[in-house]
2 protein chains.
Amino acid sequence: MAPENRAPGKVGPARRRGLADEVADRVRAAIFDGTYPPGSRLRETELSSALEVSRGPVREALMCLEGEGLLRSGWHRGAVVVELSAEDVAEIDSLRGTLEQLAVRLAAERASGEDLDTLARAADRMRRAEDAHELVALDIAFHDAVYAATGHRRLQEAWHTIRSQVHLFLVSRIGVSVEGYLETVPGEHRDLVDALRTRDTDVALRLFADHRAHALHVLTGRDTD
Amino acid sequence: MAPENRAPGKVGPARRRGLADEVADRVRAAIFDGTYPPGSRLRETELSSALEVSRGPVREALMCLEGEGLLRSGWHRGAVVVELSAEDVAEIDSLRGTLEQLAVRLAAERASGEDLDTLARAADRMRRAEDAHELVALDIAFHDAVYAATGHRRLQEAWHTIRSQVHLFLVSRIGVSVEGYLETVPGEHRDLVDALRTRDTDVALRLFADHRAHALHVLTGRDTD
DNA sequence: GAACACTCTAATGTCAACATTCAGACATTG
DNA sequence: CAATGTCTGAATGTTGACATTAGAGTGTTC
């Protein structure tokens with residue numbers, strides 16, 4: 001997903017990925033599409049035989065997913081898909097807000113024209129989303145692009161540690177209450193890009209904050225505290 | 001280090017740790033004490049024979065340390081101890097500032113009396129530090145306590161992903177320019193606790209920000225931008 | 001009947017051997 | 001002599017077997 005948006009005319013480094021990454025991707029996707037609902041136990045043995053891979057790469061993949069907050073595990077107790085409580089959602093939201101505040105500030109300040117174009121394309125793609133699942137993925141991808149535009153590697157890494165949890169939350173809520181989400185969200189993102197383009201930090205910060213508050217309100221049916 | 005500061009009269013859960021955790025602790029300590037200076041290559045084979053453990057746990061430990069930002073690695077290319085550039089230090093500082101802002105706000109708001117006592121003890125311990133290395137460890141431990149007082153698990157996790165890098169930076173700078181660090185830092189931390197105790201968020205935020213800026217100034221010899 | 005101790009099993013933790021890959025040295029060629 | 005091709009050694013990636021453990025189930029005792 002990340003290597004897709006490389007600038008035309010430049011070639012990215014030809015990385016070769018190991019089995020662990022492959023397994024991580026599959027399991028992550030399986031969690032998002034409901035194959036492993038929250039609370040499921042993920043047994044290394046099962047996965048290793050299902051994916052026809054030995055337990056080594058599976059272990060690594062699970063450890064990686066635990067780092068993304070999708071799994072919880074303990075000594076000799078295996079891994080379980082997280083069940084996001086209301087408190088968890090609040091934690092994710094507050095942390096995300098803090099990170100995004102820095103990200104927006106940096107992006108409004110340093111984003112290159114190329115970065116902004118990438119962002120615009122990402123926002124555009126959302127208008128053509130066919131189903132809610134795809135829209136969620138594009139929503140996340142948009143925010144990925146914002147963080148990428150900051151050029152702040154550690155900030156991106158910090159975002160990566162809650163990214164999947166945000167994704168999981170969104171996916172778990174679509175279908176419950178999508179009223180207004182599908183229609184308004186694509187438009188909102190276009191506004192966000194415009195705000196970054198004018199490089200008006202304060203406006204951008206407020207728009208992003210409103211965007212988060214609105215999404216949280218729509219999806220949880222409650223106001224932020 | 002974390003289980004140390006548990007409230008008296010309560011016993012923490014008796015967790016059983018695996019070899020991987022043990023290895024991670026040893027290697028981390030070895031990096032901090034200069035056994036593996038920045039740029040060193042950490043070979044799984046070497047570590048596994050040196051620690052008399054198979055490569056499995058070593059792999060896990062290295063992966064864990066990579067998550068803490070102490071190591072960088074690539075496909076079939078092993079792990080290398082990070083060399084913090086000026087840009088890296090700036091990244092760490094800005095991210096830390098953002099996280100700590102949220103942490104201070106939450107701590108000033110929700111910290112229990114017990115939490116504040118723990119913080120006071122942590123600040124007190126710094127006065128009795130015998131050498132710079134110990135002072136650095138206590139400094140980090142103090143900030144651990146601040147994050148712990150927030151009760152925000154994900155915020156603590158985010159801190160953990162840069163905690164070791166901050167530690168590495170501090171250790172790499174003591175001896176270069178410690179003038180004023182050893183003397184002023186313990187006192188500053190006492191002020192930080194007092195600010196949290198009065199629950200005056202704005203004052204606390206400013207004090208913590210000043211504290212970071214001062215430390216960065218002393219250790220790098222440059223002003224913040 | 002409830003609490004305790006024991007057993008058993010299925011899962012994770014660990015290990016050592018095998019396969020694959022990368023980086024550098026060396027030879028080759030224009 | 002520079003650029004390319006090949007080779008080699010040492011490291012990582014992967015595997016399956018073995019050791020250990022948590023937790024459920026069973027039986028016993030008071």
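Note on naming: letters A, B, ... go to the chains in the order of the sequence lines (proteins, then strands), and numbering restarts at 1 for each one.
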Side-chain H-bond candidate by donor/acceptor type, Asp88(A) with Ser85(A), under 3.5 Å: yes
Quickly work out the [X] [atom1] to [N] [atom2] distance and round it to whole Å.
X        : N       : atom1 : atom2 : value
Arg17(A) : dT20(C) : CZ    : P     : 19 Å
Met63(B) : dT14(D) : CE    : C1'   : 13 Å
Glu60(A) : dT12(D) : CD    : P     : 12 Å
Arg59(A) : dG16(D) : CZ    : P     : 16 Å
Leu62(A) : dG13(C) : CG    : C1'   : 14 Å
Glu44(B) : dA19(C) : CD    : P     : 19 Å
Leu19(A) : dG16(D) : CG    : P     : 12 Å
Arg41(A) : dA10(C) : CZ    : P     : 13 Å

Give the minimum heavy-atom separation between Leu65(B) and Arg28(B), together with the two atoms involved. CD2-NE, 3.8 Å
Provide the closest heavy-atom pair for Val81(A) versus Pro38(A) in the form atom of the first, atom of the second, distance. CG1-CA, 3.7 Å
Can you confirm whether Val166(B) sits close enough to Trp159(B) that some side-chain heavy atom of one is under 4.5 Å from a side-chain heavy atom of the other? yes
At under 4.0 Å, does any side-chain N or O of [X] touch on OP1 or OP2 of [N]?
X        : N       : result
Arg43(B) : dA11(D) : yes
Arg77(A) : dG23(D) : yes
Trp75(A) : dA22(D) : yes
Thr45(A) : dA10(C) : no

Out of dA22(D), dT14(C), dT12(D), minimum distance to the side chain of His76(A) belongs to dA22(D)
Which nucleotide sits closest to the side chain of Arg55(B): dC15(C), dC22(C), dT14(D)? dT14(D)
Dump the intermediate steps for salt bridge (charged side-chain N to carboxylate O under 4.0 Å, His left out) on Asp93(B) and Arg96(B), then the final yes or no. CA-CA 5 Å; Asp93(B) 183 60; Arg96(B) 181 192 174 185; 5.6 Å; no
With a 4.0 Å cut-off on heavy atoms, is Leu42(A) in touch with a base, just the backbone sugar-phosphate, or nothing at all? sugar-phosphate
With a non-hydrogen cut-off below 4.0 angstrom, is Gly56(B) in contact with a base, only sugar-phosphate, or nothing? nothing
